[in-house]
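All ligand and atom numbering here is 1-based and tracks the order in the structure. Computed from heavy atoms alone, side chains included, the values below leave out hydrogens, waters and symmetry copies.
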Amino acid sequence: MEILPGLSDYKEIVGKKYIEQLYHLASFTKGKKVIMVNSTRTGGGVAEILHRLIPLINELGIECHWKIINGDNGFFKITKNIHNALQGNRICFSREELEYYLEINRKNSKDIDLDADIVVIHDPQPLPIINFYNSQNAKWVWRCHIDLSKPDLALWKHLRNYINQYDASIFSISKFSRKLPHRQFLILPSIDPLSDKNKDLSQEKISEVLESFNIKNDRPIILQVSRFDRFKDPAGVIEAYRLVKKEINCQLILAGGVASDDPEGLEVLEEVRTAAGSDPDIHILLLEPDSNIEINALQRAADVVIQKSLKEGFGLVVSEALWKEKPVVGGAVGGITTQIKNYHNGFLVYSIEGAAYRIRYLLNRPHMAKIMGRHAKMFAHENFLITRHLRDYLSLFIILYSGNKNIIHA
Ligand code: UDP
């Protein structure tokens, strides 16, 4: 089992002063209790973040708990459709479905004690739970991680009845914010540079992982790591790889798993297997939920990392790759656009052909890819580390209790 690092371990990365500042900010919220709620402990970026963030908030002296709502397959099918509709798919929801969504949240409210000073509800699955608590006694915050740039408006209108009950919302980028009756905050997600997923690995370990998957490092590797989800466009990645392959003898790794709150995963995996056909240079890896070292090694072994999403709240995998000095070719959508700067640390692309063109560009110019890789790490260091994320949450906690003050002296 992974031993979690403590706050002092981050001094070597961000400096002693930064950690002292975190303790100072936390001192304003001492004695308050925080609860974070989402719908899965494994799979996907939210679980990834909460695993690391919550222990560190506790270490800073703020009591912070993580609670998970339960649901059956029917519930998660509805919430996956809600997720898809919020990301722009046109889906009609029946009255029964919306009632079931609410009903499961009502059931959860009986089982989960959310007695706290600050309650942070992540994403749409547990969103309506606020309906069943006396929210007057605490500050309630809805943290939306998904790409809300073009939501289905009928659904949004319905969900707004719940969102309006919150004291504040958090979005990842300004493009996702909507008209709401409360304060909205922008907080970028983050990666943990000391986790098994991101810590330094020896060349031996990287080779060992490749061998365990029967992959030879004898030709350039293009990699996409993500849940098997249509918004991540794995089929588009295969097409882009085929265009590249016409000129460069390369291989493609599509590595991913399924999340317990995502019932579509296995179906999409089958589609991907069919699209890959019998090409021995396409490696489709179905990973266990705790394959952190494996993902770390694959990202380090890759020559180009791709994240060709069609919609993306943030895309932690992009930051993970940047941190490992990899230039990333990413779909020009949602949170990916805040992480990739053209010619600096990767390329934003708008089509399969565009993705292929940029992958070829990087594979044909290893020297340039190396320079961009160095920029990539610096950019991730400045913007996407967990220490910055902690600072943002601590500042939010202070603001929640500051009334209408415009200036807060910290
Ligand atoms: N991930 C993982 N196993 C997998 C696929 C993804 O551990 O099989 C991790 C990945 O490394 C990243 C997170 O899950 O840390 C995915 O976050 P992201 O924001 O990229 O996408 P999401 O799944 O939340 O849409």
Side-chain angles (χ1 to χ4, degrees), residues 2 38-53 76 79-80 83-84 86-87 122-125 143-148 171-173 176 187-199 201 209 213 223-234 237 253-266 268-269 272 283-300 302 305-324 326 328 330-331 333-340 380 384-386 389:
E2 185 176 357
N38 82 321
S39 59
T40 179
R41 211 170 274 282
T42 52
V46 180
E48 182 83 18
I49 290 168
L50 296 183
H51 265 297
R52 321 298 303 188
L53 204 62
F76 286 122
T79 56
K80 178 73 194 202
H83 173 273
N84 290 344
L86 286 177
Q87 295 212 132
H122 293 260
D123 276 344
Q125 298 92 335
R143 201 309 176 208
C144 175
H145 292 268
I146 59 188
D147 185 336
L148 264 195
F171 299 100
S172 295
I173 60 171
F176 301 161
I187 299 185
L188 288 164
S190 66
I191 58 161
D192 184 343
L194 298 179
S195 66
D196 278 356
K197 178 141 315 144
N198 298 307
K199 69 184 185 189
L201 287 185
V209 169
F213 290 121
L223 168 76
Q224 175 159 302
V225 175
S226 57
R227 282 180 299 108
F228 290 100
D229 179 313
R230 294 187 188 97
F231 281 126
K232 312 282 183 185
D233 199 16
V237 174
I253 305 177
L254 282 169
V258 288
S260 62
D261 60 349
D262 178 359
E264 280 175 4
L266 289 174
V268 177
L269 174 62
V272 173
H283 308 275
I284 299 171
L285 312 179
L286 180 59
L287 303 176
E288 295 296 325
D290 58 349
S291 306
N292 297 320
I293 297 275
E294 286 78 3
I295 290 175
N296 189 342
L298 292 171
Q299 288 168 330
R300 287 179 193 279
V305 170
I306 176 160
Q307 189 55 45
K308 216 207 132 310
S309 304
L310 303 170
K311 292 276 176 175
E312 192 63 78
F314 181 69
L316 274 190
V317 281
V318 174
S319 282
E320 289 165 7
L322 297 178
W323 179 247
K324 294 166 188 118
K326 301 295 163 181
V328 180
V333 291
I336 295 181
T337 58
T338 43
Q339 298 183 75
I340 297 179
F384 309 125
L385 296 189
I386 194 164
H389 204 173

Record the part of Lys197 in heavy-atom contact with ligand 1 below 4.0 Å; permitted values are side chain, backbone, both and neither.
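Answer for Lys197: side chain.
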Indicate, as side chain, backbone, both or neither, the part of Leu316 found under 4.0 angstrom from ligand 1 when only non-hydrogen atoms are considered.
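It is both parts that get close, each with some atom under 4.0 Å.
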In plain terms, say whether Lys311 and Asp229 are close enough for a salt bridge, that is, a side-chain N and a carboxylate O under 4.0 Å apart.
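Result for this pair is no, no salt bridge flagged.
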Top protein contact for [atom], by heavy-atom distance:
atom	answer
atom 10 (C) of ligand 1	Val317 CG1, 3.5 Å
atom 23 (O) of ligand 1	Arg227 NE, 2.7 Å
atom 11 (O) of ligand 1	Glu320 OE1, 2.8 Å
atom 6 (C) of ligand 1	Val225 CG1, 4.0 Å
atom 3 (N) of ligand 1	Ile295 CD1, 3.3 Å
atom 21 (O) of ligand 1	Lys232 NZ, 3.1 Å
atom 24 (O) of ligand 1	Gly45 N, 2.6 Å
atom 4 (C) of ligand 1	Gly257 N, 3.6 Å

Smallest separation among heavy atoms of Phe231 and Gln87, with atom names:
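Scanning both residues completely, I find the closest heavy atoms to be CD1-NE2, 3.2 Å.
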What closest approach, in Å, do Leu188 and Ser172 show between heavy atoms, and which atom pair accounts for it?
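Result for this residue pair: CD2-O, 3.5 Å.
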Could you tell me whether a side-chain N or O of [X] sits under 3.5 Å from a main-chain N or O of [Y], the two making a donor and an acceptor?
X	Y	value
Gln224	Lys232	yes
Arg230	Glu264	no
Asn292	Lys197	no

Sequence neighbours left out, what pairs pass salt bridge (charged side-chain N to carboxylate O under 4.0 Å, His left out) with at least one residue falling in residues 313-323?
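As it turns out, there is no salt bridge (charged side-chain N to carboxylate O under 4.0 Å, His left out) pair with a partner in residues 313-323 once direct neighbours are skipped.
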Can you tell me if Gly256 has a non-hydrogen atom under 4.0 Å from ligand 1?
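Yes; Gly256 lies near enough to ligand 1 that a heavy-atom distance drops under 4.0 Å.
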Going by side chain to side chain donor-acceptor pair (under 3.5 Å), Asn296 matches just one of Glu294, Arg300, Gln299. Which one?
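Only one option passes, and that is Arg300.
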Quick one: which of Gly44, Ser226, Gly335 has a heavy atom closest to atom 14 (O) of ligand 1?
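Checking each option, the heavy atom nearest atom 14 (O) of ligand 1 is found in Gly44.
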